[in-house]
2 protein chains.
Amino acid sequence: MARTTFEEISAADFFYRNRDIAGFTNPTRAIFAAVRELVENSLDAAESLKVPPDIYVRLSYANETDKETNVFRLMIKDNGIGVPPRHIPSAFGQVLYGSKYKPKQQRGTFGLGGKMAILYGQITTHQPARIISSTGMSKIYSYKLRIDIQRNRPLILDRKVLINKERWRGTIVEFSLEGDYSRAMPKILEYFKQTAMVNPYANLTFVDPKGRLYKFARATEEMPDPPKETLPHPYGVDVELLQRLIHVTTFRNMSDFLKNHFHRIGEITARKFLEFSNISPSKNPKRLSHEEVVRLMRMLKEFREFLPPNASCLSPLGEKLLKTGISKELEPEFIAVHQRRPSTYAGHPFIVEMAIAYGGEIPRKGSFLIYRFANRIPLLYDEASDVSTIVMNSMNWRRYKVTPDMPIAIATHICSTKIPYKTVGKEFIADRPEVRREIANGLREVARRLQRFLTRREHVSRDRKRLDIFSKYLPKIAEFSTQLAGKEKNPDIKKLLRSVKRFGT
Amino acid sequence: MARTTFEEISAADFFYRNRDIAGFTNPTRAIFAAVRELVENSLDAAESLKVPPDIYVRLSYANETDKETNVFRLMIKDNGIGVPPRHIPSAFGQVLYGSKYKPKQQRGTFGLGGKMAILYGQITTHQPARIISSTGMSKIYSYKLRIDIQRNRPLILDRKVLINKERWRGTIVEFSLEGDYSRAMPKILEYFKQTAMVNPYANLTFVDPKGRLYKFARATEEMPDPPKETLPHPYGVDVELLQRLIHVTTFRNMSDFLKNHFHRIGEITARKFLEFSNISPSKNPKRLSHEEVVRLMRMLKEFREFLPPNASCLSPLGEKLLKTGISKELEPEFIAVHQRRPSTYAGHPFIVEMAIAYGGEIPRKGSFLIYRFANRIPLLYDEASDVSTIVMNSMNWRRYKVTPDMPIAIATHICSTKIPYKTVGKEFIADRPEVRREIANGLREVARRLQRFLTRREHVSRDRKRLDIFSKYLPKIAEFSTQLAGKEKNPDIKKLLRSVKRFGT
């Protein structure tokens, strides 16, 4: 008789079996994914201290024979906040354990990436990972560990404690993995290049297996304010969240409960809301019945007078940085940047920043050069599925006198406490209506400015042609006229030419 | 001083926080996702017994007030294999617990969908789910449960045991959820329609909130052989998998180990492989050192004489079923179907089946009507990102005399032990080179046949025109010739017309 067998698998096992979902599809993608996940963790770690990041990445052949087998040693060193010793094993050896599970703008989103990289290295080489870290205190901790995938637990193979004479602070991660570097190289280099574009305060150094050094030196020490953790917004709540807040709250009345656990609910808003929903301000939240909790959620979504999410917790690039980053990279003839006002989706605040650039080093290739960034990281895959591309393709470009053969680059940056990635591998952003709308409006704004530039350029080009003609023929006409008039001396046409020049430019 | 806080979250919590990833993005998508996940589980459950599925789905307003709040009651009843009572709580109330974690062609892939549906219902309505099931024995078990999301454990609120007088076998799942049915309705109906197309042996009944009944009656009792569980193929192994096999194996020598744990390794192949990799056939697998395990993995990937995966474990639709399903739906003038030979990606076997149809009820809409199926389920979202669409868009259609304004429909079906979904929400299939190649070749084959039809059609159309002209003028010419020749009687042209007709059609 047929029987169905049931089994339980751990989260590590789930992502091991479905590592495609996390971006570790094949040796080429995997080596890219490993580098990007670790770099992003390091950037987050330094920024949380508002320290300009110094990140060093080295990819080398572990030994001679490995050159044929495509086995690499990946090492990354940063000057970030460091990991306290008691957290190191789980932070690197246990899936769904980490620091990314709070409502805050961070590059790391799912708390998976670093672990997936180590897991992938382990299943392709069977080598353990080495983690060395210090929070800047008197000791440095060094662990050699593996992930017990079936139990989702770290296996500590070795642990050393070293004296931290120089009070070094940071983290070093090192492990072996199988990868196809030659195929991945263009994407890895592009990743560093674009990361440097939008994080100009970071020093990035990359040494590849051939020993070539790529240095992306910081262009400024000036750092933006780090993103701040925020409280959930009423529009984004569900029953589970309410239950958890009720469970942990130390406040004993609804008024204080609302004011302290939600984003931007002050005394007046709390009072109005409680009136609107017919809930007593002195009611103890822990005494709400199930039905009342459901009703509370519904009321929170229906009440129209909550203030929209304040984006002060976000850390956008800013128009100046975006302009500098792109100009440095592409040296365009023209660039327009625009930062949209904050918006929200599902209770999460987000800000869209756009840039459009023309000419200079931008190639004419029949379609626009597209840059996509989210929380200051570049997205390099699945361009066609990304919401930005969808918006760009549905724009009526002819209206702005723009044709696909023009040398144009477009950059989009979205920052949010929760980037609506479509996949755990953070390849592209889902087509959310609120996000789409913001990108579309931002794009129209910069497209308008490009149109003005193009129109002006057309005029300038026309006038320059006229000037050329004047410059060519005016002297001859002057000569001719002089002779005709029987004069000796040609009139001084320099003044005339100068005024034409002035007019033309 | 800044400090990073670490926390551990459960798998249920992870998917709760990232339910977009699983397809539960908003109330419209969520209600669709809930229906599809449960229907797919029910189809798998009946097919595992090779029993023609009877599936009944009802979506209703839980009560009068809910009409404004968009809260629905979703109930699904099937005649599948049923769930043994000891597994019911975890099978429905614990994420990453289930029956989908084996190498077998199934609709359910991640073992998440049903749980996510229940979880979504819980967080939007706070109502528990009711599960009633029996494996056809003497008892029926009825559970009322919730998911403890933070612990990823089921909370059993109620448990009843009923006498199973009629030896009913199957499962009933019922819960409440918030959803936008009016928006989701077209997709839900399309889902049922397309599911019926490729599962013509299933009875599907759907009752919507307005009480309208949609019945998709089975067209045949004939069912394909159920898919079989298979062994891993050597090309798809990694160190983790080898370690697990070595850990559980009862075989004490490498030869038996290979023959019994891997797909299609027999006595001869095992011997050749062990010679090739210089491993003694009598070596005990449990005595392999770490380095030897890594080397074994490498050798397994390098050895060229392993037989390709046998697709006998797969259950494709078959050309007849595909043709019937599409013809019934679209009533085309022409249809061509083609089943590719089995192929593999990353050690997983897969089969691509294509169909192209022309005319009949297919609308002319400026682009082709595209149907995508995977393991007999329709994919209705993210068409643009799917590998099938990518292939279709890069085909040189003009070569086949096909233009986008023609009334053409294209259907792709892929069956595999592991469909390379890009997302946990099973929205679309990733662009894997092996899969892309198969789809491209399949599409060319059916496109060629369409081209022959179109060419023939053109000839027929041309000849019909000629025939019309003949029919019109021949009698007059006959009259005229008769008069010219001074004859009395017109020649009998019927025979002539008949022969022209024969020639023209």
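What you see is a predicted model, and the numbers here were worked out from it, not measured in a lab. First the proteins, then the strands, lettered A, B, ... as listed; each starts at 1.
For R169(A) (side chain) and G80(A) (main-chain N/O), a donor-acceptor pair under 3.5 Å exists by modelled atom type. A donor-acceptor pair under 3.5 Å is formed between the side chain of S10(A) and the backbone N or O of I149(A). A donor-acceptor pair is defined here as one N or O able to donate and one able to accept, closer than 3.5 Å; such a pair exists between the side chain of D386(A) and the backbone of I429(A). At distances below 3.5 Å, not a single donor-acceptor pair connects side-chain atoms of T389(B) with backbone N or O atoms of S385(B). Checking side-chain atoms of D78(A) against main-chain N and O of T171(A) turns up a donor-acceptor pair under 3.5 Å. Without hydrogens or angle criteria, T417(B) side chain to P103(B) main chain gives no donor-acceptor distance under 3.5 Å. Side-chain atoms of K418(B) come within 3.5 Å of backbone N or O of R17(A) as a donor-acceptor pair.
Both the sub-6.0 Å distance and the 45° axial angle are not jointly satisfied by R19(A) relative to the ring of Y120(A).
For D382(B), the part lying near chain A is the side chain, with the backbone staying farther off; criterion is any non-hydrogen pair under 4.5 Å. Proximity to chain B is absent for every atom of Y345(A), based on heavy atoms less than 4.5 angstrom apart. Only the side chain of E427(A) comes within less than 4.5 Å of a heavy atom of chain B; its backbone N, CA, C and O stay farther away. Only the side chain of H87(B) has a heavy atom closer than 4.5 Å to any heavy atom of chain A. With a 4.5 Å cut-off on non-hydrogen atoms, T25(B) touches chain A through its backbone and its side chain both. Using a 4.5 Å cut-off between heavy atoms, E302(B) makes no contact with chain A at all. If you measure heavy-atom distances from V294(A) to chain B, the contacts under 4.5 Å come from the side chain alone. Neither the backbone nor the side chain of A384(B) comes within contact range of chain A; no heavy atom of the residue lies under 4.5 Å from a heavy atom of that chain. The contact between P84(B) and chain A is made entirely by side chain atoms (from C-beta outward), counting heavy-atom distances below 4.5 Å. Residue R29(B) touches chain A through its side chain alone, counting heavy-atom pairs closer than 4.5 Å. With a 4.5 Å cut-off on non-hydrogen atoms, T423(A) touches chain B through its backbone and its side chain both.
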message: side-chain contact (heavy atoms from CB on, under 4.5 Å) for R298(B) and V71(A)? Distances and angles first, verdict last.
response: CA-CA 11 Å; R298(B) 216 162 282 151; V71(A) 174; 3.8 Å; yes

message: Let's go through F92(B) and F175(B) carefully: what are the C-alpha distance in whole Å and the side-chain angles of both, what is the deciding distance for ring pair (Phe, Tyr, Trp, His ring centres under 6.0 Å) to 0.1 Å, and is it a yes or a no?
response: CA-CA 12 Å; F92(B) 293 92; F175(B) 60 96; 9.9 Å; no

- prompt: What do the steps show when you test T5(A) against K102(B) for side-chain hydrogen bond (donor to acceptor under 3.5 Å, both in side chains), and what is the final call?
  reply: CA-CA 9 Å; T5(A) 48; K102(B) 43 181 65 72; 2.9 Å; yes

task: Kindly determine whether L157(A) and R146(A) satisfy side-chain contact (heavy atoms from CB on, under 4.5 Å), including the steps that lead there.
output: CA-CA 7 Å; L157(A) 305 176; R146(A) 257 205 268 273; 4.2 Å; yes

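Below 4.5 Å, heavy atoms of chain B meet heavy atoms from F110(A), L112(A), all part of residues 106-115 of chain A.
Of the listed residues (V237(A), N26(A), T124(A), I9(A)), the one with the most heavy-atom contacts under 4.5 Å to chain B is I9(A). Contact count against chain B (heavy-atom pairs under 4.5 Å) is highest for N18(A) among D20(A), N18(A), V95(A), L242(A). Top candidate by heavy-atom pairs under 4.5 Å with chain A, chosen from Q127(B), E8(B), K422(B), E7(B), is E7(B). The greatest number of non-hydrogen atom pairs below 4.5 Å with chain B, out of Q94(A), Q122(A), Q150(A), is found for Q150(A). Comparing Y421(B), Y16(B), F428(B) by heavy-atom pairs within less than 4.5 Å of chain A, the highest count is held by Y16(B). Counting heavy-atom pairs closer than 4.5 Å to chain A, the top-ranked of the candidates K50(B), M297(B), E291(B), E178(B) is M297(B).
Residue R244(B) places its CZ atom among more than 12 non-hydrogen atoms of other residues, nucleotides or ligands, all under 6.0 Å distant.
Looking at residues two or more places apart in sequence or on another chain, you find a side-chain hydrogen bond (donor to acceptor under 3.5 Å, both in side chains) between D431(B) and R436(B).
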